[in-house]
2 protein chains.
Amino acid sequence: MDTTHEVLDFVHNGHERYLPHLSIDCVIFGYHQHQLKILLIRYHAHSKWSLPGGFIARDETLTQAASRILADKTQLHNLFLRQFHTFGDSPTRLNELGARQVHNTTYSKVGVTIDQNNWLADRTLSIGYYALVDYSDVIIKPEFLVDEYCWRDVNDIPSLLFDHNEIIETALLTLRSQMYQQPIGYNLLPEKFTLPEIHALYETILGRQFDRRNFRKKLLALGLIRQLAEQKKIGPHRSPFLYEFDSETYHRALEEGAVLGF
Amino acid sequence: MDTTHEVLDFVHNGHERYLPHLSIDCVIFGYHQHQLKILLIRYHAHSKWSLPGGFIARDETLTQAASRILADKTQLHNLFLRQFHTFGDSPTRLNELGARQVHNTTYSKVGVTIDQNNWLADRTLSIGYYALVDYSDVIIKPEFLVDEYCWRDVNDIPSLLFDHNEIIETALLTLRSQMYQQPIGYNLLPEKFTLPEIHALYETILGRQFDRRNFRKKLLALGLIRQLAEQKKIGPHRSPFLYEFDSETYHRALEEGAVLGF
DNA sequence: TTTTAATACGTTTATTTTACGCAATAAATT
DNA sequence: AATTTATTGCGTAAAATAAACGTATTAAAA
């Protein structure tokens, strides 16, 4: 939606294309060099930030909808994306009047008022998805109704609209718990990577430290990674070896789980 | 809904009370004496069985809706109940014509046809919840539109309506994975229970064996259970001691997780 | 050549898990 | 009353895993 005309059409006829009462909210975790951030957006004329989200088209699957919304925001495809919870308990979701006021602030940009009968004024449950991206790869495409974007550190999230703080909390718990069981987030590494790189990835996402030497032993023992003959040049220090994933073990671990057990 | 009149009102005016496009499906696991079963229902005039489910009232939270639906089916309250996934990918959910035919078979009982514009004919996503009950406690209340009920062993589930087989598969995976992390299912035991009782509970739900002696050591080491002075009389064999939960450790384990690690 | 800061590749110790052995006991059987 | 049977209680030894840590190697700069 890039023009006033498109937004007006969405407000008045969106319910023909999208399912009402349901939205998707995306917690997009952005990892880069020892930092884990979340993409937030600020809708027009709002002071509070929100999670990026969208609606489910009537003719697409739920997974397609989530992928499309994620791709719209990041311009990236085939990202790691997982559903984690559906939110329908918060008072801010039940209070239609409050939700309508929030929408009216946003849509004031196109001079339209969401009345009680508008489909956007309905009570809406939200299906939460989380994604993992390298935030240095993301190119934000400005959206008509969004004033600002930012990457905020997971430990420094401000008070957000609706129940979005709770959504982030649940997403982070899910991500961390799943990362202990499955080889998640490996799409954040290049094809060939060094031990310090994958080590930093784990430490950052899980928010704790791992002994370098035990970490290496564990991944090798699980057969998840394979050491290559090549080394990487990294400035003034000893050159670390490059590793690659053993794709068979990797995919088996994704399906059946491979307990890291640190 | 017990009468034709109530059903007709539901078909024609249900969208005023309930959110369209969304349903809740409940996988009700029934445990009893070394058996784990799932409650299935057969809607009027159908050959295939389904999961029990329902809709979300406009003025209740998602959790309230799931609890209400579960209580309606089992006549039991305060059961262990958890959301596990929202389903919106299956072709049987996207194909509105197919879904409408299924509804028409059911509602033929009251001589009404669901037309294309009826709210029940809309595409519907389903939020999956699972519950754990002692099936010997359950008193099924007959419903007007349901011809038959049954408890089927988890290892012997027939082909069900829509994507309900997939929903059960996901529920079972979730239940088992969560049971390794948290003290789940303890509401299936009496206040004071014996080691063989809790041992059988774990073996049955997780579908594998645990060494009796190591199992006891583990639960005691975690501080989850406390041995009492009392013993239980069990016919012709040695009297087992009774145990109770340490409620502090128990609740901490529910929140923070306590890895069983067998 | 020495220094610095990083990686590589161990070894040792502690802890946890797994596999069993065997005595105790309640009631039925001889 | 002793024996048998099926079960529970409690322990120990071995194996596997996790945690802690030592030290040589290496790349480049001082």
Side-chain angles (χ1 to χ4, degrees), chain A residues 33-34 176-177 179-181 183 189-190 192-204 206-244 249 253 256-262, chain B residues 33-34 179-181 183 189-190 192-204 206-244 249 253 256-262:
Chain A
Q33 292 191 335
H34 282 262
R176 287 183 170 160
S177 135
M179 192 158 185
Y180 278 108
Q181 310 282 336
L189 296 172
K192 297 173 180 181
F193 51 88
T194 68
L195 274 177
E197 283 169 349
I198 192 172
H199 182 233
L201 176 72
Y202 270 84
E203 289 200 333
T204 306
L206 291 174
R208 51 164 291 208
Q209 311 231 66
F210 295 97
D211 182 277
R212 210 159 31 88
R213 297 150 287 192
N214 294 334
F215 184 80
R216 168 173 173 275
K217 266 184 297 187
K218 188 72 193 182
L219 291 190
L220 286 173
L222 286 172
L224 272 173
I225 60 174
R226 225 189 339 251
Q227 187 170 348
L228 302 173
E230 296 173 74
Q231 287 172 293
K232 185 175 181 177
K233 291 265 176 240
I234 51 151
H237 301 295
R238 180 174 184 176
S239 306
F241 281 97
L242 285 166
Y243 288 78
E244 65 179 10
T249 315
E256 299 171 17
V259 179
L260 273 191
F262 285 107
Chain B
Q33 292 190 336
H34 281 263
M179 192 159 184
Y180 278 108
Q181 309 283 337
L189 295 172
K192 297 173 180 179
F193 51 89
T194 67
L195 274 178
E197 282 169 349
I198 192 173
H199 182 232
L201 177 72
Y202 270 84
E203 289 200 332
T204 306
L206 290 175
R208 51 164 291 207
Q209 310 232 63
F210 296 97
D211 182 276
R212 202 163 41 85
R213 297 148 288 190
N214 294 334
F215 184 80
R216 168 173 173 273
K217 268 184 293 188
K218 187 73 192 181
L219 290 189
L220 285 172
L222 287 171
L224 272 173
I225 61 174
R226 226 189 338 252
Q227 186 169 347
L228 302 173
E230 297 173 74
Q231 288 173 293
K232 186 174 179 177
K233 291 265 178 241
I234 51 150
H237 303 295
R238 180 173 183 176
S239 306
F241 281 99
L242 285 166
Y243 288 77
E244 66 180 9
T249 315
E256 299 172 17
V259 179
L260 274 191
F262 285 105

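Because the structure is predicted, anything quoted here is derived from the model rather than measured. Proteins get letters first, then strands, A, B, ... in listed order; numbering begins at 1 in each.
- If you check distances only, the side chain of B:K233 never reaches the base of D:dT8 with a donor-acceptor pair under 3.5 Å.
- Distances from the side chain of A:K217 to the nucleotides D:dC10, D:dA19, C:dA6 place D:dA19 closest.
- Contact check, A:Q227 against C:dC9: a side-chain N or O comes under 4.0 Å of OP1 or OP2.
- Axis orientation changes by 30° from one end of the helix from C:dT1-D:dA30 to C:dT30-D:dA1 to the other, with each end axis drawn from 5 pairs and the value rounded to 10°.
- A straight line from CZ of B:F210 to C1' of C:dA19 spans 16 Å, rounded to a whole angstrom.
- Comparing A:P236 and B:K218 against DNA chain C, the residue whose closest nucleotide sits nearer the 5' end is A:P236.
- Scanning both residues, B:H199 and B:F215, for their nearest heavy atoms gives CA-CE2, 3.6 Å.
- Distance, B:L219 CG to D:dG9 C1': 15 Å, rounded to whole Å.
- Rounded to a whole Å, the CD atom of A:Q209 is 12 Å from the P atom of D:dA20.
- B:R238 contributes no side-chain N or O that forms a donor-acceptor pair with the base of C:dT25 under 3.5 Å.
- Under the 4.5 Å side-chain criterion, counting only non-hydrogen atoms from C-beta, B:F241 is not in contact with B:L195.
- You'll find the side chain of A:F193 stays beyond 4.5 Å of the side chain of A:K232, heavy atoms only.
- Salt-bridge check for A:R226 with A:E244: passed, with a basic side-chain N closer than 4.0 Å to an acidic carboxylate O.
- When every heavy atom of B:A253 is checked against every heavy atom of B:A258, the shortest pair comes out as CB-CB, 3.6 Å.
- Ranking D:dT8, C:dC9, D:dA20 by closeness to the A:R216 side chain, first place goes to C:dC9.
- Atom CG in B:N214 sits roughly 15 Å away from atom P in D:dT17 (whole-Å rounding).
- What separates CZ of A:R213 from P of C:dT13 is a distance of 16 Å, to the nearest Å.
- The two residues A:E203 and A:Q209 come nearest to each other via the heavy atoms OE2-CA, 3.3 Å.
- Rounding to whole angstrom units, CZ of residue A:R212 and C1' of C:dT11 are separated by 15 Å.
- Looking at A:K232, its side chain has no donor and acceptor atom pair within 3.5 Å of the base of D:dT26.
- Looking at every heavy atom in both residues, B:I225 comes nearest to B:L220 through O-CD2, 3.6 Å.
- Residue B:P240 has its side chain nearest to D:dG9 when only D:dC21, D:dG9, D:dG11 are considered.
- Between the CG atom of A:L220 and the P atom of D:dA18 there is a distance of 14 Å, rounded to whole Å.
- For the pair A:H237 NE2 and C:dT3 P, the interatomic distance rounds to 17 Å; values are reported in whole Å.
- No donor-acceptor contact under 3.5 Å links the side chain of A:D211 to the base of D:dA18.
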